[in-house]
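If you're wondering where the values come from, they're calculated on a predicted model, not measured in any experiment.
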Amino acid sequence: QVQLVESGGGLVQPGGSLRLSCAASGFTFSNYYMTWVRQAPGKEREFVATIDWSGGYTNYADSVKGRFTISRDNAKNAVYLQMNSLNPEDTAVYYCKVAVVGREYWGQGTQVTVSS
């Protein structure tokens, strides 16, 4: 019943911005940390950012710190990733993730391509 649906990806030029969204359902959203993970072709999945129950605590990968901002809206069961100053190394499929009752759930992912 847990469902995560990402959206907002697309093609953007270097230095540009995108805002990703993840709509969640099937669990008590406000009780869980939410995480963004990305995966480029041929590479392992990489942690991007995480956020606690209400947004008081966030954590970022060093590679995105200062450029990306994770946020959430518990009234909408949604988590967001604002991505600024994008570079080609940010090109990947971006997933939102949650662990519920010891299981990991992933969305289908949304493609982000940073290219001229």
Chemist: Does the pair Leu4 and Met34 meet the rule for a side chain to side chain contact (heavy atoms under 4.5 Å, CB included), with working shown?
Modeler: CA-CA 11 Å; Leu4 303 170; Met34 296 296 298; 4.0 Å; yes
Chemist: How are the rings of Phe27 and Tyr32 set to each other: parallel, tilted or perpendicular (split at 30° and 60°)?
Modeler: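 Rings of Phe27 and Tyr32: perpendicular, as their planes differ by over 60°.
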Chemist: Answer yes if Tyr33 and Val37 sit in the same cluster of Ile, Leu, Val, Met, Phe, Trp and Tyr residues linked by side chain heavy atoms under 4.5 Å apart, and no otherwise.
Modeler: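 Tyr33 does not cluster with Val37.
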Chemist: Give a yes or no on whether the backbone of Gly8 and the side-chain of Tyr94 come within a donor-acceptor separation of less than 3.5 Å.
Modeler: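 Side chain of Tyr94 to backbone of Gly8, a donor-acceptor pair under 3.5 Å: no, none is there.
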Chemist: Enumerate the side chain to side chain donor-acceptor pair (under 3.5 Å) contacts for residues 72-81, please, sequence neighbours excluded, ordered by first and then second residue.
Modeler: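 Every side chain to side chain donor-acceptor pair (under 3.5 Å) pair that includes a residue of residues 72-81, provided the two are not neighbours, is Arg72-Asn74.
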Chemist: In Å and rounded to the nearest 0.5 Å, what is the OG1 to CG distance from Thr58 to Asp52?
Modeler: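 Interatomic distance, Thr58 OG1 to Asp52 CG, rounded to 0.5 Å: 8.0 Å.
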Chemist: Go through the structure and list residues passing side-chain contact (heavy atoms from CB on, under 4.5 Å) with Lys43, not counting sequence neighbours.
Modeler: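 Expected list: Ala40.
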Chemist: Just distance, no hydrogens or angles: give the donor-acceptor pairs under 3.5 Å from side chains in residues 98-113, sequence neighbours left out.
Modeler:
residue: Arg103; atom: NH1; partner: Tyr105; partner atom: OH; Å: 3.4
residue: Glu104; atom: OE1; partner: Trp106; partner atom: NE1; Å: 3.3
residue: Gln108; atom: NE2; partner: Glu6; partner atom: O; Å: 2.9
residue: Thr110; atom: OG1; partner: Gly9; partner atom: N; Å: 3.1
residue: Gln111; atom: NE2; partner: Ala92; partner atom: O; Å: 3.4
residue: Gln111; atom: NE2; partner: Thr113; partner atom: OG1; Å: 3.4

Chemist: Throw together a table of side-chain donor-acceptor distances under 3.5 angstrom for residues 14-24, partners on residues two or more places apart or in other chains.
Modeler:
residue: Ser17; atom: OG; partner: Asn84; partner atom: OD1; Å: 2.8

Chemist: Within this structure, what is the OG1-CH2 distance for the pair Thr28 and Trp53, rounded to the nearest 0.5 Å?
Modeler: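 One gets 14.5 Å once the value is rounded to the nearest 0.5 Å.
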Chemist: Is it possible for you to say whether Tyr60 and Phe47 belong to one hydrophobic cluster, with membership spreading through side-chain heavy-atom contacts below 4.5 Å?
Modeler: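 No, because Tyr60 and Phe47 fall into different hydrophobic clusters, even though each may have its own neighbours under 4.5 Å.
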Chemist: With sequence neighbours left out, write down each residue that passes side chain to side chain donor-acceptor pair (under 3.5 Å) with Thr91, or none if nothing qualifies.
Modeler: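 Not a single residue meets the side chain to side chain donor-acceptor pair (under 3.5 Å) criterion with Thr91.
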Chemist: Would you check if the distance from the ring center of Trp36 to the ring center of Tyr95 is below 6.0 Å?
Modeler: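 No, the ring centres sit 6.0 Å or more apart.
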Chemist: Do Leu81 and Leu86 share a hydrophobic cluster, counting only Ile, Leu, Val, Met, Phe, Trp and Tyr and linking them when any side-chain heavy atoms are less than 4.5 Å apart?
Modeler: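 Per the 4.5 Å side-chain linkage, Leu81 and Leu86 are co-clustered.
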Chemist: Could you walk me through whether Arg38 and Asp90 pass the side chain to side chain contact (heavy atoms under 4.5 Å, CB included) check?
Modeler: CA-CA 9 Å; Arg38 67 186 182 184; Asp90 296 315; 2.9 Å; yes
Chemist: I'd like to check the side-chain contact (heavy atoms from CB on, under 4.5 Å) partners of Ser85; sequence neighbours left out, ordered by chain and number.
Modeler: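 side-chain contact (heavy atoms from CB on, under 4.5 Å) check on Ser85 returns Arg67.
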Chemist: Output the distance between atom CD1 (Ile51) and atom CG (Asn59), rounded to the nearest 0.5 Å.
Modeler: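 So the CD1 of Ile51 and the CG of Asn59 are separated by 11.5 Å.
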Chemist: Testing the basics here: between Val79 and Phe29, what is the closest heavy-atom pair and its distance to 0.1 Å?
Modeler: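 Shortest heavy-atom contact: N-CZ, 4.2 Å.
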